[in-house]
Amino acid sequence: MDAPVYYSKAEFIETDTGNKVSRRATIAGPQNIILGGKTIISSGAIIRGDLRRTGPGHAVVISLGRYCLVGEGCVMRPPYKTYRGNFNYYPMKIGDYVHIGANTVVEAATIGNHVVIGKNCVIFTGHVLQGKFTIIKDCAQVADNTVIPPNTVIPALALFAGSPGRFVEDLPESTQEMVESQTKQYYSRFQPLER
């Protein structure tokens, strides 16, 4: 097993379900965000749960599954579109065992389970008129510094890279087990430094 990754206990809030959220992260509209458990939100991350559909009622804007890692400086905001002249935000659903690298901007409708998104990426929906959103399927990977254009669907077990992001290669069938193991190991290595 790799060496521990230490963090200052004073910098992170740990929830009953094991989520570890940096006090230096910006969580806007927390009542509209669901963290599935054992998720780490790093310093400088911005999660925009305040960008929600207009109208009455409570709406989940961003949902993250279990064992997710949101890297330092990430920006997550829900996708939006104009339909019949009305501008609206739509929910973002992120599955289990998802690693989003540092300084990545995510504005996708759906990110499946066992997905790795590299650092300095842009997953962008843009201003959608036709109602299509960027979707990343299970066990997909996005290489560092990739820009995924609006309306892209990244298939399962595919690696995308470049600007604009394009298919590079198929990933092995073992991707699910590898990503699940890596995210669980990182969570268990992420330990408070007692002072």
Side-chain angles (χ1 to χ4, degrees), residues 1-2 5 17-21 33-42 45 47-49 60-79 90-126 128 131-190:
M1 187 162 151
D2 295 327
V5 176
T17 56
N19 297 307
K20 297 177 182 182
V21 181
I33 299 169
I34 294 176
L35 302 179
K38 298 190 177 181
T39 287
I40 300 170
I41 309 294
S42 300
I47 302 180
R48 296 295 307 271
V60 173
V61 175
I62 298 175
S63 171
L64 284 99
R66 294 174 47 78
Y67 289 101
C68 291
L69 171 61
V70 178
E72 290 186 11
C74 282
V75 177
M76 299 176 67
R77 57 182 177 244
Y90 289 82
M92 175 192 294
K93 182 173 182 349
I94 298 172
D96 298 333
Y97 310 103
V98 174
H99 181 141
I100 301 172
N103 301 310
T104 289
V105 177
V106 178
E107 189 180 283
T110 304
I111 297 174
N113 300 311
H114 306 94
V115 170
V116 176
I117 299 172
K119 48 189 174 188
N120 304 313
C121 294
V122 178
I123 313 296
F124 195 59
T125 295
V128 178
K132 295 181 180 173
F133 294 120
T134 300
I135 296 171
I136 303 174
K137 302 279 189 169
D138 292 348
C139 302
Q141 293 187 9
V142 178
D144 291 350
N145 306 309
T146 298
V147 177
I148 300 296
N151 304 327
T152 301
V153 175
I154 298 179
L157 294 169
L159 172 64
F160 269 52
S163 179
R166 299 202 185 284
F167 175 81
V168 174
E169 65 183 7
D170 288 319
L171 296 170
E173 292 288 328
S174 60
T175 297
Q176 177 176 332
E177 290 81 15
M178 288 188 308
V179 172
E180 185 170 326
S181 173
Q182 289 166 355
T183 54
K184 282 182 173 180
Q185 282 180 16
Y186 187 87
Y187 181 85
S188 65
R189 291 173 40 220
F190 197 71

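On a predicted model such as this, the values are computed, not experimentally measured, just so you know. Side chains are part of it too, since the values below use all heavy atoms of this structure and drop only hydrogens, waters and symmetry mates.
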Exercise: identify the closest heavy-atom pair between Cys121 and Gly118: SG-O, 3.5 Å
Go through it in stages, so that I can follow the logic: the residues are Leu157 and Glu173, the test is side-chain contact (heavy atoms from CB on, under 4.5 Å), and I'd like the CA-CA distance, side-chain angles, deciding distance and then a yes or no. CA-CA 7 Å; Leu157 294 169; Glu173 292 288 328; 3.7 Å; yes
Is the shortest heavy-atom distance from the side chain of Met76 to the side chain of Met92 under 4.5 Å? yes
A side-chain contact here means heavy atoms from C-beta on lying under 4.5 Å apart; do Tyr187 and Lys20 qualify? yes
Atom CD1 in Ile136, atom CZ in Phe160: separation rounded to 0.5 Å? 9.5 Å
Not counting sequence neighbours, which residues clear ring pair (Phe, Tyr, Trp, His ring centres under 6.0 Å) with Tyr90? List them please. Phe133
So OG1 of Thr175 and CD of Gln182: to nearest 0.5 Å the spacing works out to 9.5 Å
Between atom CZ of Arg166 and atom CD1 of Ile148, what is the distance when rounded to the nearest 0.5 Å? 10.0 Å
Would you indicate whether the side-chain heavy atoms of Tyr97 and Lys184 approach each other to under 4.5 Å? yes
Indicate yes or no: at least one non-hydrogen side-chain atom of Phe190 is less than 4.5 angstrom from one of Leu69. no
Run the side-chain contact (heavy atoms from CB on, under 4.5 Å) test on His114 and Asp138 for me, step by step, so that the C-alpha distance in whole Å, both residues' side-chain angles and the decisive distance to 0.1 Å come before the verdict. CA-CA 6 Å; His114 306 94; Asp138 292 348; 5.6 Å; no
One should read off an interatomic distance between Ser63 OG and Lys93 NZ, to the nearest 0.5 angstrom, of 5.0 Å
Would you give the length of the straight line joining atom CG of Leu64 to atom CZ of Arg66, rounded to the nearest 0.5 angstrom? 13.0 Å
Would you confirm whether Asn19, through its side chain, and Gly37, through its main-chain N or O, come within 3.5 Å as a donor-acceptor pair? yes
Determine the minimum heavy-atom distance between Pro155 and Ala140, stating which atoms define it. O-CB, 3.6 Å
With distance as the sole test, does Asn113 use its side chain to make a donor-acceptor pair with the main-chain N or O of Gly95 at under 3.5 Å? no
Any Pro91 side-chain heavy atom under 4.5 Å of Val60 side chain: no
Looking at OG1 of Thr110 and CD1 of Ile135, how far apart are the two atoms once the value is rounded to the nearest 0.5 Å? 5.0 Å
Ala161 versus Ala143, closest heavy-atom pair with distance: CB-CB, 3.6 Å
Please check if any side-chain donor atom of Gln185 sits under 3.5 Å from a side-chain acceptor atom of Ser181, or the reverse. yes
Side chain to side chain, Ile123 and Ile100, heavy atoms closer than 4.5 Å: no
Tightest non-hydrogen contact, residues Pro149 and Gly165, listed as CD-N, 3.9 Å
The side chain to side chain contact (heavy atoms under 4.5 Å, CB included) partner of Arg77 among Ile62, Val105, Val61, Ile47 is Val105
Contact summary for Ala108 and Pro79, nearest pair of heavy atoms: O-CD, 3.6 Å
Are Val142 and Thr104 side-chain neighbours, meaning at least one heavy-atom pair lies under 4.5 Å? no
Taking all atoms of both residues into account, what is the closest heavy-atom pair of Val179 and Val115, and its distance? CG1-N, 4.2 Å
Within the 4.5 Å heavy-atom criterion, are Gln141 and Leu159 side-chain neighbours or not? yes
